Amino acid sequence: MQRRYDERLHLMESGVNPYPCQFDVTTFSTDIIEAFRDEEQTPVSVAGRIMTIRKMGKASFFHMQDSKGRIQIYLKKDEVGDAAYSTFKLLDIGDIVGVEGYSFRTKTGEISVHALHFELLSKSLRPIPVAKEKEVEGQKVVYDAFSDKELRYRQRYVDLIVNPEVRDTFIKRSAIVTFMRGFFTGKGWLEVETPILQPIYGGAAARPFTTHHNALDMQLYLRIANELYLKRLIVGGFDGVFEFAKDFRNEGIDRFHNPEFTQVELYVAYKDYNWMMELVEELLYRTALGVNGTHTTSFLGNEISLEPPFRRLTIVDAIKDYCNIDVSGKNESELRSAAKDLGLELDPKIGAGKIIDEIFGEFVEPKLIQPTFITDYPTEMSPLAKEHRSKPGFVERFELIAGGKELCNSFSELNDPVIQRERLEAQAKLRLRGDEEAMVVDEDFLRALEYGMPPCAGLGIGIDRMVMLITGQESIRDVIFFPHLKPE
RNA sequence: GAGAAUAUAGCUCAGUCGGUAGAGCAUCUGCCUUUUAAGCAGAGGGUCGAAGGUUCGAGUCCUUCUAUUCUCACCA
């Protein structure tokens, strides 16, 4: 690396600015290749990073990588001039250069750029771990790729330079979000922004990150969800609102969980959870088709089809199907002994609804590979959902499971302020008993409901998991640019 | 939170029974005007994750620590 620092000085002394201000780019690498005709010499101006170099005496080849891909450049001393050629001879893999010239095809058939003018645009002082590649029977073989996961996550910029499939994943992530945004706004719903710093956190069951506002000398929380704020906006008269939201949960980290993650939440007035299921089917199908060109995806070793309709199953029927147990009408101690028969260890503090959920999570969820709506959860675990119109003790709620993992959560939203208060106060009692994840009573939210919220369907989709599903990545760290790691 | 594994050159990795550190690529010097894992000839590059210990001697054995990876638990 010292050598490159010396080289930077040497270049400056010989009158070459290693960091000029701009360069006029007219074309991208892939566009040159696509537009190429053997009869024509199209003038081009491209810029990018040197990824391979083959220096020969008075002529050289190198590959340059820009934001779209790579292209080979051919450089002859008697065409670019002595000065530029000797500058080139000092350059390294990783340096960023600009080339003007014309496209041509080499003896071996590769479409390339024949350089007429060449300049250094940015000197790279740190060696880049570029892997060599070779085509063997049409297959690309990569030698000694930059693969150390820790380094890849800590220095994502290097990962992105060197591993093109990483860049592709993040381009798809952006396409997924863009597609969804267009889908929602196309229906006439409003994209909004609500507070990340919240005096009372709510809308989910999780432990928060805590921070402090100096001027007000008060404790604030990073939001664990934005649900309660979006519902306030439905009270305020919007028919449909959505927000792509970073949420923060102070919990463990694994390949499905990052302390900060992205959710889109959507609330639509006058609709219920049945309507929302159809919307989710349409959304997932069209997003996959729009981004991947196909409705099938390979996720955690399974082929998954996102073609509607998705299977629908109540949580009670699901447990009946997969465990041969009918949990309906059973009281807490009957459920507890049923769970024990299945070999499930349970916390003695949890109630009937939670036991049903534990059985489901342990024995059913991992088996639901193709997208499946699980519906009608016990009321106890869903304090913000509306009581089922015909099943006492259950709420109108669904989760979408795919690949054995939860992707979405949705309900017909509870809009009776009296029942909502009872539910939240019950949560507060659980909290006093030591349940750190139980919800807190939010008086302002209850006040908003007292003014009247129309019937409403709400939805939350985990964007990171959805990107994993659609891009086939197996760790959340591979769909978040800068996943959380302990400091070096 | 528990268990297992890993940590050696810029990258990917070897390193046998405990005896002064190895390869390929990358880098440097020279030659080379259609190469593509360019080639040929030569060269440099290491606090072996950190700190202790055992030993005449530790990359190698022991202890502790740190980080990462995987699995499990937790995360409705």
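Keep in mind that what you see is a predicted model, and the values were worked out from it rather than measured. Below, read A as the first sequence line, B as the second, and so on, with proteins coming before strands; counting in each chain starts at 1.
- With P as the reference atom, B/C11 and B/A5 are 25 Å apart, rounded to whole Å.
- For A/K89, the NZ atom sits in a packed shell: over 12 heavy atoms of surrounding residues, nucleotides or ligands are nearer than 6.0 Å.
- Contact between the side-chain N/O atoms of A/K149 and the OP1/OP2 oxygens of B/C70 is found at a separation under 4.0 Å.
- Here the separation of B/U47 from B/U8, taken at their C1' atoms, is 12 Å to the nearest Å.
- Taking atom C1' on both B/A73 and B/A58, the two are 38 Å apart, rounded to the nearest angstrom.
- Among the nucleotides B/A76, B/U33, B/U68, the one closest to the side chain of A/A59 is B/U33.
- In this structure, A/S147 reaches the sugar-phosphate backbone alone: every heavy-atom distance under 4.0 Å involves primed, P, OP1 or OP2 atoms, never a base.
- Summarising the geometry, the separation between CZ on A/F62 and P on B/A26 is reported as 17 Å, rounded to the nearest angstrom.
- Atom CG in A/L75 sits roughly 16 Å away from atom P in B/C32 (whole-Å rounding).
- Judged by distance alone, with hydrogens and angles left aside, A/D92 brings no side-chain donor or acceptor close enough to the base of B/U27 to form a pair under 3.5 Å.
- The side chain of A/T106 lies closest to B/U35 when the candidates are B/A76, B/C11, B/U35.
- Taking atom CG of A/L151 as the reference point, atom P of B/G49 lies 14 Å away to the nearest angstrom.
- One side chain, A/N409 or A/R397, offers a donor N or O that lies under 3.5 Å from an acceptor on the other.
- In this structure, the NZ atom of A/K76 is 11 Å from the P atom of B/U33, given to the nearest Å.
- Contact of A/D254 with B/C74 (side chain to base): a donor-acceptor pair of N or O atoms is detected under 3.5 Å.
- Residue A/E380 is classed as having no contact, given no heavy-atom separation below 4.0 Å to the nucleic acid.
- Panel note: side chain A/R223, backbone A/T194; a donor-acceptor pair is recorded below 3.5 Å.
- When heavy atoms are screened at a 4.0 angstrom cut-off, A/M51 is found touching no nucleic acid atom at all.
- For A/K132, taking side-chain heavy atoms from C-beta onward, the closest of the listed nucleotides B/A76, B/U33, B/C25 is B/C25.
- Taking the side chain of A/Y153 as heavy atoms from C-beta on, and the options B/U34, B/U69, B/C13, the nearest nucleotide is B/U69.
- On a pure distance criterion of 3.5 Å, a polar donor-acceptor pair joins the side chain of A/Q72 and the base of B/U35.
- Proximity note for A/A205 (side chain, C-beta onward) versus B/C28, B/A76, B/C11: the nearest is B/A76.
- A/Y377 and A/T314 share no donor-acceptor pair across their side chains, judged by distance under 3.5 Å alone.
- A donor-acceptor pair shorter than 3.5 Å cannot be found between the side chains of A/H484 and A/Y153.
- Contacts of A/I128 with the nucleic acid, taken as non-hydrogen atoms under 4.0 Å apart, are absent.
- Regarding the sugar-base torsion, B/C56 falls in the anti class, its angle being beyond 90° of 0.
- For A/Q263 and A/R465, the side-chain atoms include no donor-acceptor pair closer than 3.5 Å.
- If you measure from atom NE2 of A/H484 to atom P of B/A67, you get 11 Å, rounded to the nearest angstrom.
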Would you sketch RNA chain B in dot-bracket for me? Only Watson-Crick or G-U wobble pairs with both distances under 3.5 Å count, crossing pairs as [ ], other-strand pairs as |, the rest as dots. (((((((..((((.....[..)))).(((((.......))))).....(((((..]....))))))))))))....

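- For A/I93, counting side-chain heavy atoms from C-beta on, the closest listed nucleotide (B/U34, B/A26, B/G24) is B/A26.
- Under a cutoff of 6.0 Å and an axis angle of 45°, A/K123 and A/Y19 do not form a cation-pi pair.
- Nucleic acid contact for A/R154: sugar-phosphate only, since backbone atoms but no base atoms lie under 4.0 Å from a heavy atom of the residue.
- With hydrogens and angles left out, the side-chain atoms of A/E119 and A/H117 include a donor and acceptor closer than 3.5 Å.
- Across the interface with RNA chain B, nearest-nucleotide mapping of A/K89 and A/K55 shows A/K89 to be the residue nearer the 5′ end.
- Within the 4.0 angstrom heavy-atom criterion, only backbone atoms of the sugar-phosphate kind lie near A/K486; the bases stay farther away.
- Among the protein residues, A/R255 comes within range of the sugar-phosphate backbone only, with heavy atoms under 4.0 Å from sugar or phosphate atoms but none that close to a base.
- Nearest nucleotide to the A/F146 side chain, out of B/U34, B/A76, B/U12: B/U12.
- Taking the P atoms as reference points, B/C40 lies 12 Å from B/A26, given to the whole Å.
- Taking atom C1' in both B/C31 and B/U68, one finds a spacing of 45 Å when rounded to whole Å.
- Ring orientation note: the planes of A/Y85 and A/F88 are tilted relative to one another, at an angle of 30° to 60°.
- One finds no side-chain N or O of A/R54 lying less than 4.0 angstrom from the OP1 or OP2 phosphate oxygen of B/U35.
- Between B/A51 and B/U60, the distance separating the two P atoms is 13 Å to the nearest Å.
- Counting any heavy atom pair closer than 4.0 Å across all strands shown, A/F104 reaches a base atom.
- Which of B/C11, B/C32, B/G24 sits closest to the side chain of A/P129 comes down to B/C11.
- Separation of the C1' atoms belonging to B/C62 and B/G22 is 27 Å when rounded to the nearest angstrom.
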Derivation of the ring pair (Phe, Tyr, Trp, His ring centres under 6.0 Å) call for A/F310 and A/F373: CA-CA 7 Å; A/F310 301 161; A/F373 289 119; 5.5 Å; yes

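- Residue A/R477 has a polar side-chain atom (N or O) positioned under 4.0 Å from OP1 or OP2 of B/U69.
- For B/G44, the OP1/OP2 oxygens have no side-chain nitrogen or oxygen of A/R3 closer than 4.0 Å.
- Using P as the reference atom, B/G44 and B/G24 are 14 Å apart when rounded to the nearest Å.
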